[in-house]
Colleague: 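Sharing a structure below in structure tokens format, with a few things to ask.
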Amino acid sequence: MLRMSTLFLRTLREDPVDAEVPSHRLLQRAGYIRRVAPGIFTWLPLGWRTYRNVENVIRTEMDAAGFQEMHFPALLPREPYERTNRWSEYGDTLFRLQDRRKGDYLLGPTHEELFTLAVKSEFSSYKDLPISLYQIQTKYRDEARPRAGILRGREFVMKDSYSFDIDDEGLANSYRQHRDAYIRTFDRLGLDYVIVSAMSGAMGGSRSEEFLARSEVGEDTFVECPACGYAANTEAVTTLAPAEYNRALGEPHIEETPETSTIEALVSYAQDALPRPDRAWQASDTLKNVVLLVTDPDGASRPLVIGVPGDRAIDEKRLEAALAPATVSAFTDEDFEQYPVLVPGYIGPQVLGKDSESGIEYLVDPRVVAGSAWVTGANEPGRHVFDLVMGRDFRADAVIEAAEVRQGDPCPVCGQPLAIERGIEIGHIFQLGRKYAEALGLQVLDENGELVTVTMGSYGIGVSRAVAAIAEQSHDETGLCWPVAVAPADVHVVVMGKNPDVLAAAEELCEQAEAEGVRVLVDDRTGVSAGVKFNDAELLGIPTILVVGRGLKDGVVELRDRASGDAEDVPVSEILARLLDRSAVVRTD
RNA sequence: CGGACCAUAGCGCAGUUUGGUAGCGCACUUGACUGGGGGUCAAGGGGUCGCGGGUUCAAAUCCCGCUGGUCCGACCA
């Protein structure tokens with residue numbers, strides 16, 4: 001039994017000044033966590049109980065799915081990460097340190113290498129596979145800017161699983177098992193989440209989905225189709241090629257368009273000087289060609305031009321995701337000097353493409369379909385070309401998803417307008433493929449006695465982040481409101497006044513409840529006013545609040561639902577049954 | 001990595017402009033009253049004013065340097 005009179009807890013009446021998002025603010029005010037250094041937090045007793053409940057839900061579901069828990073060190077040698085290139089690729093985000101002999105070590109940001117090596121050292125036959133292993137581990141990432149409390153810390157706990165299969169079919173199966181286990185886990189945690197298509201990004205691999213807890217403070221943006229249920233991270237949204245597009249009125253013709261190096265100026269000029277017969281010119285009639293400098297992982301860089309409808313901006317995240325692992329930067333004046341064919345403000349696709357004279361790679365937005373006509377640069381200052389038709393008058397090397405996604409864009413599945421939402425990434429599942437197995441030489445003998453490289457999946461849940469995500473989704477103005485599955489106790493008993501008979505009656509009730517498996521936190525403090533106790537109870541957010549006080553002489557106590565605020569008087573004789581009904585009694589923490 | 005700002009009691013802040021006994025609210029201790037919504041009164045404890053140097057009779061305050069931190073953006077399985 002937790003007693004407020006002895007609990008290591010101090011609630012704060014005022015908000016900590018550094019806390020911006022509700023979860024961070026309330027977890028600190030309620031005495032669940034305290035900051036130690038930027039992005040590094042201590043869990044105080046109530047917070048730790050909550051954290052462990054979350055961890056236990058995750059662990060039970062992983063075990064139930066047949067995944068085996070093990071545990072790696074957080075402090076790791078450099079060598080395995082050197083072999084997969086991540087010692088350098090991870091960059092400044094990697095926490096590095098040296099031992100007394102100047103040997104390089106790191107604090108693990110994720111453990112693909114170690115799991116791969118572990119399987120390699122133990123198993124060597126297809127008969128041993130498939131297998132899925134996991135750990136619940138403290139991870140370290142030296143984030144450039146930790147923020148939002150434990151939503152994004154530099155030290156955090158992650159449950160990371162890895163599956164090992166002999167072939168793609170096996171991997172797909174392991175992936176499905178993890179996906180199902182994650183659904184059960186997040187359902188039990190009471191989270192409101194969506195599963196979105198994601199890019200596998202720097203991790204490599206093919207299929208990837210993210211579990212996002214809906215939250216306006218989330219750092220991930222995703223689109224969702226209210227009509228058909230399609231959902232995707234903005235990085236992974238695919239653009240529907242339009243069924244209708246501008247048709248050419250004739251052959252391409254170059255027009256004088258002075259001082260029109262921006263789309264806005266061009267549209268305005270064309271409207272005045274070269275009006276369309278049927279309707280006004282729009283930015284979406286123009287083809288904007290953006291030059292970027294692409295740098296490959298080996299350090300080589302080259303120009304790249306991307307053509308998008310003039311009303312669209314390039315979304316850097318989508319661009320980076322589309323080009324990964326290469327990175328992009330702006331094309332500078334010096335770069336332009338090296339490529340005189342590129343006339344800033346008047347770049348047109350006629351001179352672009354790998355097969356063209358310039359050899360500059362040219363990629364286009366999916367809206368630039370074959371047969372569509374555009375107004376675009378004529379590759380000379382002050383001139384644009386009209387009625388330039390994709391496929392007829394110019395070609396692209398490929399299609400790229402890099403344009404911004406907007407509210408109301410058509411769903412790639414059903415065509416209905418998409419909504420844009422924000423979420424907190426609480427889980428991510430990947431079909432990694434053979435990247436790590438190849439780099440580290442994880443092979444087994446197949447049934448024909450041939451060596452084959454194992455294919456892997458990688459699956460993560462942010463355990464500490466999930467605590468914050470739950471807090472983010474379940475709180476109100478007065479404090480936290482935990483779902484019963486993760487709450488630090490089942491019932492918060494508020495003992496009113498200082499009448500020893502009332503206290504004794506409350507104590508007895510608490511003892512009986514505990515004996516039945518109900519986890520009780522009792523506010524047995526004397527000399528604390530009713531207001532303080534009620535406010536603390538609401539701040540702490542235990543789902544059921546039981547007020548033992550003046551009703552006792554009539555044989556009733558007051559039962560309150562923290563979330564709704566609903567209260568009712570319940571006869572003492574019935575209270576145990578009611579509490580059991582509202583408790584997460586079957587629990588192993 | 002850009003931009004803005006901050007550092008004074010456990011927390012939140014004033015004091016710095018114009019140098020002169022280090023303050024307020026909350027929290028904490030003691031006592032009394034109160035006792036179903038952060039109650040009242042009284043008496044207390046708690047500070048290398050981030051660090052180092054300088055100017056001055058005198059520095060939280062002015063000057064120089066450093067360190068740490070926060071927020072916005074960039075970045076970020």
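Lettering follows sequence order; numbering is per chain, from 1.
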Colleague: When you measure from the side-chain N and O atoms of A:R147 to the phosphate of B:G73, is any distance below 4.0 Å, counting only OP1 and OP2?
Modeller: yes
Colleague: Please tell me if A:R13 has a side-chain N or O lying less than 4.0 Å from either OP1 or OP2 of B:A27.
Modeller: yes
Colleague: Need the pair for B:A42. Rule: Watson-Crick or G-U wobble, both distances under 3.5 Å, any strand; none if unpaired.
Modeller: B:U30
Colleague: Does any N or O donor sit under 3.5 Å from an N or O acceptor when you compare the side chain of A:R560 with the base of B:G37?
Modeller: yes
Colleague: Just N and O in the side chain of A:R145: are any of them under 4.0 Å from OP1 or OP2 of B:C71?
Modeller: yes
Colleague: From C-beta outward on A:A144, which listed nucleotide comes closest to its side chain: B:G38, B:C75, B:G36?
Modeller: B:C75
Colleague: OP1, OP2 of B:C76 versus side-chain N and O of A:R154: anything below 4.0 Å?
Modeller: no
Colleague: Look at the aromatic rings of A:H428 and A:F430 and report parallel, tilted or perpendicular, splitting at 30° and 60°.
Modeller: parallel
Colleague: Can you tell which of B:U70, B:G36, B:A74 lies closest to the side chain of A:E558?
Modeller: B:G36
Colleague: Among B:A77, B:C72, B:G69, which nucleotide sits nearest the side chain of A:R35?
Modeller: B:G69
Colleague: Check every atom of B:C75, B:G38, B:A77 against the side chain of A:Y162 and return the nucleotide holding the closest atom.
Modeller: B:A77
Colleague: Among the nucleotides B:G73, B:G37, B:C26, which one has an atom lying closest to any side-chain atom of A:E538?
Modeller: B:G37
Colleague: Between B:G69 and B:C76, how far apart are the two P atoms, rounded to whole Å?
Modeller: 23 Å
Colleague: From the set B:A74, B:C76, B:U70, return the single nucleotide nearest to any side-chain atom of A:R152.
Modeller: B:C76
